[in-house]
2 protein chains.
Amino acid sequence: MGETLETRELAHFLVVADELHFGRAATRLGIAQPALSRTIQKLERRLGVVLFDRGSRGVTLTPPGRVLAGEARHALAAVQAAARRTRRAATATPHLVLAMKAGGDFGLLPPILAAYAHEPESLPVRVVFAAERAQLLRDGRADAALLFDPADDLHGFRTETLRRDGRMAVLPASHPLAHRASLRLADLPAGYLPGPGDEPSRRPAEDAAGRRPAPATVAELLQLVALGQTIALVPRSLPAAMPLRPDLTGVPVLDAAPVTLVLAWPAHTTSPARAALARPVATVRTGGEAAGCPATA
Amino acid sequence: MGETLETRELAHFLVVADELHFGRAATRLGIAQPALSRTIQKLERRLGVVLFDRGSRGVTLTPPGRVLAGEARHALAAVQAAARRTRRAATATPHLVLAMKAGGDFGLLPPILAAYAHEPESLPVRVVFAAERAQLLRDGRADAALLFDPADDLHGFRTETLRRDGRMAVLPASHPLAHRASLRLADLPAGYLPGPGDEPSRRPAEDAAGRRPAPATVAELLQLVALGQTIALVPRSLPAAMPLRPDLTGVPVLDAAPVTLVLAWPAHTTSPARAALARPVATVRTGGEAAGCPATA
DNA sequence: TCGGCCGATACCCTCCGGGCATGGGCGAAA
DNA sequence: TTTCGCCCATGCCCGGAGGGTATCGGCCGA
């Protein structure tokens with residue numbers, strides 16, 4: 001009764017929880033449907049819990065099933081992270097992987113990396129660009145990431161604050177609001193898209209309804225603004241890393257919640273090379289008011 | 001090459017990493033030694049990494065092996081937490097488990113629980129006493145815990161500050177320093193034991209050398225003080241929950257690092273009942289100066 | 001040099017995971 | 001109401017992974 005679950009069981013369960021259809025889930029897993037049914041049944045018996053309601057009108061997650069879906073995702077990410085980090089620890093050419101979005105450093109990264117290179121334990125740093133930086137960090141594909149505090153999910157990470165920043169609206173230079181010195185949220189027309197760092201963690205390539213997803217990069221977002229399709233809310237420091245094209249204008253939004261740019265890393269890692277990466281941040285940080293106040297808020 | 005590791009492999013690996021001896025590890029696992037050897041070999045082949053140095057003078061972890069040991073512990077804790085939380089989500093009588101050390105609430109818990117009981121989503125709360133509260137939280141045996149900030153490992157937890165507090169030395173009333181109004185760390189004789197919340201996370205029942213471990217509870221610690229075997233450094237609010245016996249005296253230590261008592265819970269849980277537990281904390285909190293500043297420091 | 005410790009190898013067996021065929025419940029269509 | 005069809009469960013078989021016993025081989029200490 002108390003044996004530990006196997007990762008295969010959790011992975012198979014997650015696919016069923018995702019598809020809510022044993023047949024399709026089995027296809028996705030490359031196995032036959034009966035085998036999958038039995039795996040789930042055994043999992044349910046082992047847990048002593050019914051995970052799915054099998055109505056003839058399809059399959060539904062029970063409340064405990066919903067709990068397991070969330071927990072299983074975390075557990076599997078932890079297992080994958082174990083494999084990835086172990087492999088990378090054995091690499092002949094050790095290095096750190098830093099995940100960020102293009103322009104997502106407000107121009108602060110170059111001096112940090114320069115200072116880091118002088119640290120005694122420093123390693124070469126490879127920068128990767130990705131929207132799902134938090135996920136990369138969780139499953140071991142990255143050693144550190146530049147994240148935004150209220151927008152990204154910082155749970156389980158340790159962080160060092162780089163900069164706390166207000167927001168501004170980016171609009172076409174021809175927009176009626178473009179000449180204003182400042183704005184309030186109420187001034188903005190309804191339906192503007194979120195700014196960088198507000199993206200949802202899961203971003204399907206395409207909606208079930210076929211709608212296009214929100215833009216994944218700041219460049220895409222600003223492109224949409226230039227096309228007059230939206231208004232963007234971005235950190236005021238953004239132009240330091242990515243100047244606005246001339247046909248766009250930035251106007252501070254006074255009452256938009258501020259964003260905090262942080263350097264984040266998995267809480268339990270112990271690499272001295274990674275620890276040294278946090279050190280130069282303190283010297284580079286500008287305008288930081290929450291020094292030493294870690295995240296996980 | 002890229003398949004995910006199985007929990008059984010990780011568990012077996014951890015025992016070998018702990019024992020550094022295949023034979024003993026196999027016995028602990030209840031299997032024969034050859035099977036264990038093969039499991040580890042397969043794990044190494046799958047990862048493409050050598051995890052152990054097999055010298056004839058015993059077995060040693062390689063550096064990547066040490067990485068995997070840390071990662072595997074976290075991954076397995078996550079898997080076990082998944083099972084525990086799922087089972088408890090299916091319980092007929094839902095409730096929350098709150099882990100603490102006896103006296104570890106500074107007397108603040110009763111009003112919190114009283115206020116919590118009036119929250120709309122509240123559940124019955126079962127309090128369990130344990131030294132390894134953080135571990136209980138990590139593997140799903142508890143839903144929340146009262147932890148001490150610099151002492152406990154708060155990585156991966158969300159927290160709500162209950163109280164920040166200086167420390168005092170507890171000494172026998174007959175001790176030469178007992179009449180002082182205040183002390184500094186330099187005044188204390190070398191070799192005093194840590195106070196509550198300074199305990200290491202792993203506490204073997206007995207040393208390899210056979211020495212007794214540090215006391216696990218405050219009551220044990222104060223007992224040792226009364227016996228003149230040590231001096232204790234405890235939070236100044238401790239007597240609010242656990243009055244000092246008359247033959248003991250508390251003297252503030254001005255330059256000892258303050259302790260922060262926090263309510264902690266796993267970062268990614270989503271139970272509304274658990275979320276409601278954090279709410280009364282804000283109303284009960286006294287002397288808190290770091291409100292809203294979360295942990296993970 | 002020899003015996004003992006300890007991990008690796010060889011070989012066998014059992015059982016678990018998976019495949020195929022089929023049963024059975026339930027809703028929708030006729 | 002009957003029938004068709006979708007979809008999950010069940011029955012049965014097979015291959016392989018995991019485990020057990022016996023044994024080898026390297027290394028150290030006596």
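What's counted below: heavy atoms across the whole structure, side chains too, no hydrogens, waters or symmetry copies.
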Close side-chain approach of A:Leu277 to A:Leu96, heavy-atom, < 4.5 Å:
yes

Under 4.0 angstrom between A:Arg8 side-chain N/O and D:dA17 OP1 or OP2:
no

Output the rounded distance in Å from CD (A:Gln33) to C1' (C:dT22).
11 Å

A:Leu43 CG to D:dA9 C1', straight-line distance once rounded to whole Å
17 Å

Distance-only donor-acceptor check, side chains B:Thr7 and A:Glu6, under 3.5 Å
yes

Atom-pair distance (CD1 on B:Ile31; C1' on D:dG20), nearest Å:
10 Å

Is it the case that the side chains of A:Gln33 and A:Ser37 hold a donor-acceptor pair, with the cut-off being a distance below 3.5 Å and no angle test?
yes

To the nearest angstrom, the CG-P distance between B:Leu36 and D:dT21 comes to 15 Å

Between C:dG17, C:dA8, D:dA9, which one does the side chain of B:Phe22 approach most closely?
C:dA8

Round to the nearest Å and state the distance from B:Arg46 atom CZ to D:dA17 atom P.
10 Å

Please pick, from D:dG11, C:dG7, D:dC8, the nucleotide with the shortest atom-to-atom distance to any side-chain atom of A:Pro34.
D:dG11

To the nearest angstrom, the CD-P distance between A:Glu6 and D:dA17 comes to 15 Å

Nearest-nucleotide check on DNA chain C, B:Ala35 vs B:His21; residue mapping nearer the 5' end is B:His21

Does the side chain of A:Thr39 reach to within under 4.5 Å of the side chain of A:Arg8, using non-hydrogen atoms?
yes

Would you call the rings of A:Phe13 and A:Phe52 parallel, tilted or perpendicular, where under 30° means parallel and over 60° means perpendicular?
tilted

Using a 4.0 Å heavy-atom cut-off, does B:Gln41 contact any base of the nucleic acid, only the sugar-phosphate backbone, or nothing at all?
sugar-phosphate

Quick one: is A:Arg38 getting a side-chain N or O under 4.0 Å of the C:dG18 phosphate, OP1 or OP2?
no

Just to be sure I understand the rule, does A:Ala32 reach a base, reach only the sugar-phosphate, or reach nothing, if contact means heavy atoms closer than 4.0 Å?
sugar-phosphate

Mind calculating the distance between CD (A:Glu9) and P (C:dC16) to the nearest angstrom?
12 Å

Please determine if a side-chain N or O atom of B:Ser37 lies less than 4.0 Å away from the OP1 or OP2 oxygen of C:dG7.
no

Output the rounded distance in Å from CD1 (B:Ile40) to C1' (D:dG19).
14 Å

